Q: 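Please find one structure pasted underneath; my questions will follow.
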2 protein chains.
Amino acid sequence: MAVGGVSRHPEGGPASQQDMRRQNLAVVLGTIAGQGPLTGLSRADVAGLTGLTRAAVSSLVDELIGRGALTEAETAPSGRVGRPGRALAVSDRGPAGLGLEVGVTHLGACVVDLRGEPRVWRRVEQANAGRPAGEVLAEVAALGAEAQAEAAGLGLRVEGRVLAVPGVVPSAEPGLVEHAPNLGWHAVRPADHWPDPDAVPEPENEANLGALAEYWQAEHDAETFVHVSAEAGIGAALIVDGQLFRGARGFAGELGHIPVHPDGLPCPCGSRGCLEQYAGEAAVLREAGLAGAGDPVALLAERAGAGDPAALRALDRAGRALGLALASAVNLIDPDALVLGGAYAELADWLLPAVRAELAARVTVRPWPPGALRPSALGRRGALLGAALLTTRQLIADPTRLPLA
Amino acid sequence: MAVGGVSRHPEGGPASQQDMRRQNLAVVLGTIAGQGPLTGLSRADVAGLTGLTRAAVSSLVDELIGRGALTEAETAPSGRVGRPGRALAVSDRGPAGLGLEVGVTHLGACVVDLRGEPRVWRRVEQANAGRPAGEVLAEVAALGAEAQAEAAGLGLRVEGRVLAVPGVVPSAEPGLVEHAPNLGWHAVRPADHWPDPDAVPEPENEANLGALAEYWQAEHDAETFVHVSAEAGIGAALIVDGQLFRGARGFAGELGHIPVHPDGLPCPCGSRGCLEQYAGEAAVLREAGLAGAGDPVALLAERAGAGDPAALRALDRAGRALGLALASAVNLIDPDALVLGGAYAELADWLLPAVRAELAARVTVRPWPPGALRPSALGRRGALLGAALLTTRQLIADPTRLPLA
DNA sequence: ACTTGTTTGTCAGGGCAGAAAACAAATTAG
DNA sequence: CTAATTTGTTTTCTGCCCTGACAAACAAGT
């Protein structure tokens, strides 16, 4: 592009005073939100933490209160000398995010407030594979409308909607679910089937949302990690420096088709020896001698817990294959942590030893700290939670999106 | 980009007016630099391209001229109606970057001006493996001093120094070369051996610098790509959205130890079937029946060009192993492009077919466009060039680092 | 109870950076 | 030579944060 070879885009566009204000609003709100609801920070505290002046913080806080993002709590008796500060807290009765989810065996909807707390939670078990997309979307829309109504009763106003789907959403065309093999969807646009045109959600891959939820909610401090979730297919999501990494076209994280045994089992994708043939849900269940009845993952966990040799063997084999693939990921990405989410989280007790062993044997140049591999705390709830949190996180990152009321 | 800009840390710290100024200086300078030296942009052009006002651009340009980053060229007869603009150009006689390189078989030094043009270039063939680090560093320092003196004669003032090394520089401890196996270095700090304490360079991994040079100098428009370079070890560097991705600890890109044949050849690292055992320089030369005399890479290219069956077989095998490893990388990262740099660039004619075939067979869910795999235009010069460019790019990204003169 | 010292939140003044608008300068078209 | 057009600068204005000062609200000591 540049013959002389120089800067493509230094930092995006030019900066204006509005950008400065926007960022400082985000810094103040983010600081208060990051401290958790326990400690009520005062304006002076925020000024000390951020480096802004007390006067500036006051102005910013005033605007954030005006937008409904912050509230002034009771003046707590601090015990220290001097005039006590007025405690600031992220509002639990204003802007909110609505998360929706279409899974293979369930629908879900939830509402979180700006603090990140889930306030409404709905989950309906229901087989959706192969059904017309329009029908399924109408049902999840109804579920979402219910959740939104219940949230309104709590004083929450939904400011954004995100739909978690087990499929690919190319970054070139947001709004399009290009392909969701386990649902049987092809080129589905939720907007085309949504009952209320003013409440259309933005679709996003569920593995990505699960990873983001893990990042936002979990207690650890990994800024760069790989989140693996099994849901029929094996999907990985990469969080890099606290940002979701989607790849150039939005297809990053296809862990399921990493070749683990180059000349091994054929895969429907046309290649051979893909991870999915060894650690995918179907492969593990087949190996363990289980049919897909009810909740097969829970059944498998039960059998393994009871010491069933076939189940243990299947999980060990899956763990080794997974470890092999993750060794490649670790060598390439050097993440802070590896997180097993989705269905893997429930099977972690039996998967982790094999994964750890394989990582220890394969990642030798820079030994992999065993503690950096751990199951997700959120498990299968992550995707729906992440969908709802996405809206509130975006609002915190740019509070000017909030109406001034 | 539905999911963007939502990290736990809004954007780092609060924004000040100085930050705004800094960014706008970078935007203006970057815009002029990005257009190449051919078209001389006027202040009005820059205003139109960036969205800033003409008045603001004038003020910013004045400062950039004062810092020696820009010069006002002759007023070219544009032919169009209206007062002609004064052409602005990035200065070729002011701030510059010094790049240094310690390779296994050579030393190098070069100076680039702010336009990114190399103005001084030195390369000395010399075996450095196993020699005391202090000696080698003293020699490359002398070479750098020579280059800097010659650059001074061209009116160039070195503002920063970077040393390319074939080793690991952990992000936790900049300034430390933790391990450079092919040189026999362990825990070497260039600062401890440098003759002139005011001219100590910052060490950086050569594969990373090669990738950055490729990004900055090449004509393509890939913003996210994997740059593979062979230099005894196999190192990959990841450029993500135009930024070098180092991983959590600075160890990302260990492509050489990705397992390609899980139960294959043992590797000194302790694992089995690492890529390096199949596509590393030593392995390929052994397979081709070549001893490491003179410039073995050039010799191998010559033999392959002459149709030598052993050479062709070795390169085909290496290409297939490399393709297998890159398939994993593509499935994980989904880059815009794959670039073969370093010694691979010179062997591309015979490697690429096998790599392409393997990628086509392995990356099936999202077929890999064959054109997105290509040899580096810079080849083995990339690392040294990148070392010098790193300084000038940092100056363009933050012109306030330049002295006001 | 009262004073002192400390911390908090706000207010007024100043500086800085970009936006908006007006103006002088330099060129082409007729 | 005049009109039109584009450029670059100057002037005025606005927005934002910073500095410094001040009133308010508390604890501790007398």
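Below, chains carry the letters A, B, ... as their sequence lines are ordered, and counting in each starts from 1. From a predicted model like this one, the values you see are computed outputs, not experimental measurements.
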Q: Does the distance from a Lys or Arg side-chain N to an Asp or Glu carboxylate O, for A:Arg43 and A:Glu72, drop under 4.0 Å?
A: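 Yes, this pair counts.
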Q: Report yes if a side-chain nitrogen or oxygen of B:Ser58 is closer than 4.0 Å to either non-bridging phosphate oxygen (OP1 or OP2) of D:dG8; otherwise report no.
A: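 No, because none of the side-chain N or O atoms of B:Ser58 sits under 4.0 Å from OP1 or OP2 of D:dG8.
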Q: Polar pairs (N or O, both sides) under 3.5 Å between protein and nucleotides 26-30 of chain C?
A:
from, atom 1, to, atom 2, distance (Å)
C:dA26, N3, B:Arg83, N, 3.4

Q: Specify the separation, in whole Å, of atom CZ of A:Arg54 and atom P of D:dA21.
A: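 Spelled out: CZ on A:Arg54 to P on D:dA21 is 13 Å.
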Q: For nucleotides 16-19 of chain C, which of its nitrogen or oxygen atoms have a protein nitrogen or oxygen under 3.5 Å away, and what is each distance?
A:
from, atom 1, to, atom 2, distance (Å)
C:dC16, O2, B:Gln17, OE1, 2.6
C:dC16, O2, B:Gln17, NE2, 3.4
C:dG18, OP1, B:Asn24, ND2, 2.8
C:dG18, OP2, B:Arg21, NH1, 2.6
C:dA19, OP2, B:Thr53, N, 3.3
C:dA19, OP2, B:Thr53, OG1, 2.3

Q: Using atom types as modelled and distance alone, determine if a side-chain donor or acceptor of A:Ser171 lies under 3.5 Å from a backbone N or O of A:Arg249.
A: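 Such a contact is found between A:Ser171 side chain and A:Arg249 backbone.
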Q: How long is the gap from CG on A:Leu88 to CD1 on A:Ile32, to the nearest 0.5 Å?
A: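 Reported value, rounded in 0.5 Å steps: 4.5 Å.
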Q: Tell me if a side-chain donor or acceptor on B:Ser91 pairs with a main-chain N or O of B:Arg93 at a distance below 3.5 Å.
A: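 Side chain of B:Ser91 to backbone of B:Arg93, a donor-acceptor pair under 3.5 Å: yes, one is there.
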Q: Using only atom types and a distance under 3.5 Å, with no angle test, would you say the side chain of A:Asp19 pairs donor to acceptor with the backbone of A:Ser16?
A: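 Flag set: sc A:Asp19 to bb A:Ser16 pair under 3.5 Å.
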Q: Can you check the A:Leu88 CG to C:dT8 P distance for me, whole Å?
A: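 In whole Å, C:dT8 P lies 12 Å from A:Leu88 CG.
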Q: Grab the CD-P distance between B:Glu72 and D:dT9 for me, whole Å please.
A: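 Between P of D:dT9 and CD of B:Glu72: 7 Å.
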Q: Please give me the minimum heavy-atom distance between B:Ala222 and B:Ala337, naming the atom from each residue.
A: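 Closest heavy-atom pair between B:Ala222 and B:Ala337: CB-CB, 4.0 Å.
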Q: Let me know the distance between CZ of B:Arg43 and P of D:dT10, rounded to the nearest Å.
A: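 Computing the B:Arg43:CZ to D:dT10:P distance gives 11 Å.
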Q: May I have the step-by-step check of side-chain contact (heavy atoms from CB on, under 4.5 Å) for B:Leu64 and B:Val28, ending in yes or no?
A: CA-CA 9 Å; B:Leu64 288 170; B:Val28 168; 3.8 Å; yes
Q: Under 4.0 Å between a Lys/Arg side-chain N and an Asp/Glu carboxylate O for A:Arg119 and A:Glu150?
A: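 No.
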Q: Specify the separation, in whole Å, of atom CG of B:Leu41 and atom P of D:dT7.
A: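 The distance from CG of B:Leu41 to P of D:dT7 comes to 12 Å, rounded to the nearest Å.
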